[in-house]
Amino acid sequence: MKISIAMSRLRPTVTLLTFLLCTVATIAAEPQGQLAPNVGFEADEDADRWPDGWGKVDDGTWRVEQNNHFVRLTSPEAGKMVMLYQEIPIPDDVKAIEMSWRQRVSGLKLGTQSWFDARIMLEFMNAAREKIASTPDTPTPNAPAARKDSDGWVQKRITFLVPQDATTLKLMPSLFQVKSGVFDLDDISLRPIDPVPLRESVQKATAERQAKYDAAAASRRSKAARQLASDGTLISNGDFEADSKADGWPDGWGRLKEGGSWETEGDNHFLRMQSPAPGAMVMLYRTIDLPEGTSALELTYRQRVTGLKKGTSPWFDARVMLEFSGIDGKKLSGKPSPPYTQKDTSGWVEKKTRFLVPDDALTLVLMPCLFQVESGTFDLDDVTLKPIDPAPLLAAVKQREAEALARVVPMEEPDRAKWPPILKVVGNRLHDPDGREVWLQGVNAGGLETLPQDKQAIKSVVVAIDDWKANCVRVPMNEAFWYGRSPYQKDGGKEYRQTLDQIITLAANRSAYIVIDLHRFRAPKPEHADFWKDFAAAYKDHPAVLFDIFNEPHDVTWEQWRNGGSIATPKAADESAFLSDEEKQKNRSFESVGMQGLVDAVRSTGAKNIIIAGGIFWCNDLRGITQGYALDDKTGNGIMYSWHTYNWHTDWEERMLATAKMHPIFLGEVGADIKKMDFIPADDQEDPYTWVPDMLGFIQKHRLHWTGWCLHPRATPIMISDWSYTPTPYWGRFAKEALSGKRFQLQRTR
């Protein structure tokens with residue numbers, strides 16, 4: 001009886017103790033530190049026919065066999081990606097992981113690439129959800145892959161280190177673009193493990209691998225040094241003469257799959273690349289090891305390009321691509337700019353390029369190619385590669401870095417109090433609202449007519465006004481860029497329009513004028529009228545903005561110039577030799593709206609801004625203006641007529657002075673270069689040292705408005721030799737002196 005009473009009193013305590021012991025046993029049975037959810041895919045508490053905690057996947061099913069659940073990925077069609085995507089949070093104290101799982105692969109047929117198989121991809125992300133790159137100390141886990149069917153279910157296991165900043169592991173089991181197959185997965189477990197043994201193993205493997213790389217690199221560098229000492233170049237058989245195997249292909253050069261041939265002319269051998277079809281890539285691939293201490297290289301070669309038509313993108317041309325790889329064979333950043341050719345050469349020409357070598361580079365990868373061109377032939381010969389002194393190149397890098405910093409111009413808000421007064425044509429002069437004459441003098445700030453992303457023109461405008469004392473800057477532009485139609489643009493032209501707006505504001509805030517030049521050739525088209533409607537509406541009556549409505553009309557009659565009509569293919573070659581084939585093709589036969597059509601487009605917006613209209617013969621002939629072809633402007637502030645002249649043009653007075661007596665003249669492009677233009681007979685191009693002073697004297701004598709071409713070191717005739725805006729001695733120096741007020745005596749006209 002006492003025992004029964006005692007047991008009765010102890011029963012609640014025993015029951016509680018039994019419960020606690022059972023709970024401990026249950027906890028002990030749960031996976032310890034498990035990172036993956038629902039490891040066996042068994043739980044489905046929401047009854048949605050998919051295992052709890054796992055993301056659903058198209059072409060995936062939740063299967064059961066003998067009371068065991070698993071996930072199945074099935075390829076629905078060849079080439080489709082089927083992926084189970086799961087993000088696994090990683091606690092801060094987890095430094096290494098053991099991943100184990102069971103898999104069954106059946107009916108697998110690999111895809112078109114060797115890695116198109118059944119695999120589990122693994123990636124780490126940081127708190128900003130950025131992918132963490134692999135490092136020697138913490139390599140990204142290799143994707144365990146299956147390339148053939150398994151014999152039923154098989155157990156798999158891998159271990160890997162966790163990067164220091166990792167917060168998430170992306171777990172991605174997939175059928176990676178296979179032709180067909182089934183990938184069954186079960187019991188995916190991820191557990192934290194001790195990182196020390198794994199880290200030591202990784203470090204040991206890394207050290208061993210590095211030692212092998214170093215030994216191999218030393219041997220290869222030594223061999224490269226012997227090659228250089230023997231032949232004076234790092235490229236063996238660069239003249240394509242040797243064929244020791246008699247297999248019809250030069251020794252040391254990889255044979256092209258298509259489009260390549262080994263050619264002979266006389267006693268000379270060379271290699272030919274020829275486009276077999278539009279858009280095809282034809283590439284010659286050669287790797288060249290570099291001797292120890294190589295810091296800079298000079299690559300020279302001879303080339304001949306014929307029948308070249310560029311591809312669908314601007315960079316689809318004939319080029320020599322260059323890349324560096326390190327001792328591990330991996331590509332290095334900082335590859336040199338490729339020398340390229342976008343038009344046929346005049347026979348064989350020599351090319352040369354110099355570039356710096358990254359400190360950790362072992363190999364230069366040389367890839368001459370026809371890069372997805374429409375058509376063309378690229379002949380290559382006498383390829384040499386030599387180490388050179390890096391000092392000049394390093395100095396050039398520093399200069400470019402300084403120029404890049406100097407290029408930055410702070411944004412300015414419009415300050416209308418500083419804007420110049422609006423202008424109006426009065427007779428053959430320009431007047432402000434108070435009746436004072438205004439004489440426009442300045443330069444062209446080139447760049448935005450050829451590259452929509454060019455920001456240098458912003459700085460050039462400021463330099464022209466602040467340092468060169470210009471009160472007017474002409475800015476060539478392209479209406480296609482305004483609308484974002486360049487392959488370089490992805491924003492519909494927004495950034496380009498903002499650049500032009502910034503330029504206008506910077507000039508206006510300095511009380512200077514901006515001439516917006518639609519830099520097109522031949523004759524105006526309907527799309528040019530559409531552009532001027534848009535642009536004029538945006539800058540209607542802005543006092544600083546003048547509209548140069550069409551750059552250089554040519555190969556048109558005065559009737560076509562004024563009123564438009566059908567424009568036929570030019571009968572003879574002319575100065576359009578410098579235009580691209582695409583531009584020339586577009587200018588061969590079309591319907592023109594005429595210059596009057598552009599004037600009407602501007603005035604239809606209500607804009608009164610002064611319009612500038614260039615004459616015929618590349619804007620060099622204005623005689624028709626006084627012969628009944630002057631433009632009508634009944635609602636605006638008037639029209640100036642533009643004249644362009646260079647050191648090969650003559651008949652200055654005959655082509656322009658009669659018009660100058662009746663209308664203001666804007667000499668929109670003028671200049672001379674010491675370097676001869678290849679599309680003009682050399683004997684027709686006068687020495688700038690005699691031509692420039694007389695032209696400036698002519699401008700000053702007749703008080704012609706003018707903007708010199710061009711404040712750009714590569715847009716000849718160049719006024720500056722670099723982006724430090726150093727004036728060229730034969731043109732820029734004279735022009736800068738004239739803008740500062742120096743008077744020039746006219747000795748004789750041409």
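By convention here, the first residue in the shown sequence is residue 1.
- Between the side chains of E412 and N509, at least one donor N or O sits under 3.5 Å from an acceptor N or O.
- When side chains are defined from C-beta on, W315 does not count as touching Q372, because their heavy atoms never get closer than 4.5 Å.
- Defined by atom type and a distance below 3.5 Å, a donor-acceptor pair is missing between the side-chain atoms of Y730 and D687.
- Using modelled atom types and a 3.5 Å distance limit, the side chains of R474 and N444 yield a donor-acceptor pair.
- With respect to the salt-bridge test (charged N to carboxylate O, under 4.0 angstrom), the residues D673 and K675 do not qualify.
- Note on E437 versus R703: salt bridge recorded, some NZ/NE/NH1/NH2 to OD/OE distance being below 4.0 Å.
- Applying the salt bridge (charged side-chain N to carboxylate O under 4.0 Å, His left out) rule to pairs touching residues 711-728 yields nothing, sequence neighbours excluded.
- Aromatic ring centres of H554 and W561: separated by at least 6.0 Å.
- By the side chain to side chain donor-acceptor pair (under 3.5 Å) test, E374 is found to be paired with no residue, residues two or more places apart in sequence or in another chain being considered.
- Shown here are the salt bridge (Lys or Arg N to Asp or Glu O under 4.0 Å) partners of R733, two or more places apart in sequence or in another chain: E737.
- By the 4.5 Å heavy-atom criterion applied to side chains, F531 and M477 are counted as neighbours.
- For D694 and R750, the salt-bridge test passes: some basic side-chain N is under 4.0 Å from an acidic carboxylate O.
- Judged by distance alone, the side chains of Q303 and T341 do bring a donor and an acceptor atom under 3.5 Å apart.
- For the 3.5 Å distance criterion, the side chains of D534 and Y483 qualify, holding a donor opposite an acceptor.
- Contact record, W439 with L704: NE1-O, 2.8 Å, taken as the closest heavy-atom pair.
- Residues forming a side chain to side chain donor-acceptor pair (under 3.5 Å) with S721 (at least two apart in sequence, or on another chain): none.
- Sequence neighbours left out, the pairs with a member in residues 596-615 that pass salt bridge (charged side-chain N to carboxylate O under 4.0 Å, His left out) are R603-D633.
- In terms of the salt bridge (Lys or Arg N to Asp or Glu O under 4.0 Å) criterion, residue partners of D466 (sequence neighbours excluded) are, by chain and number, R510.
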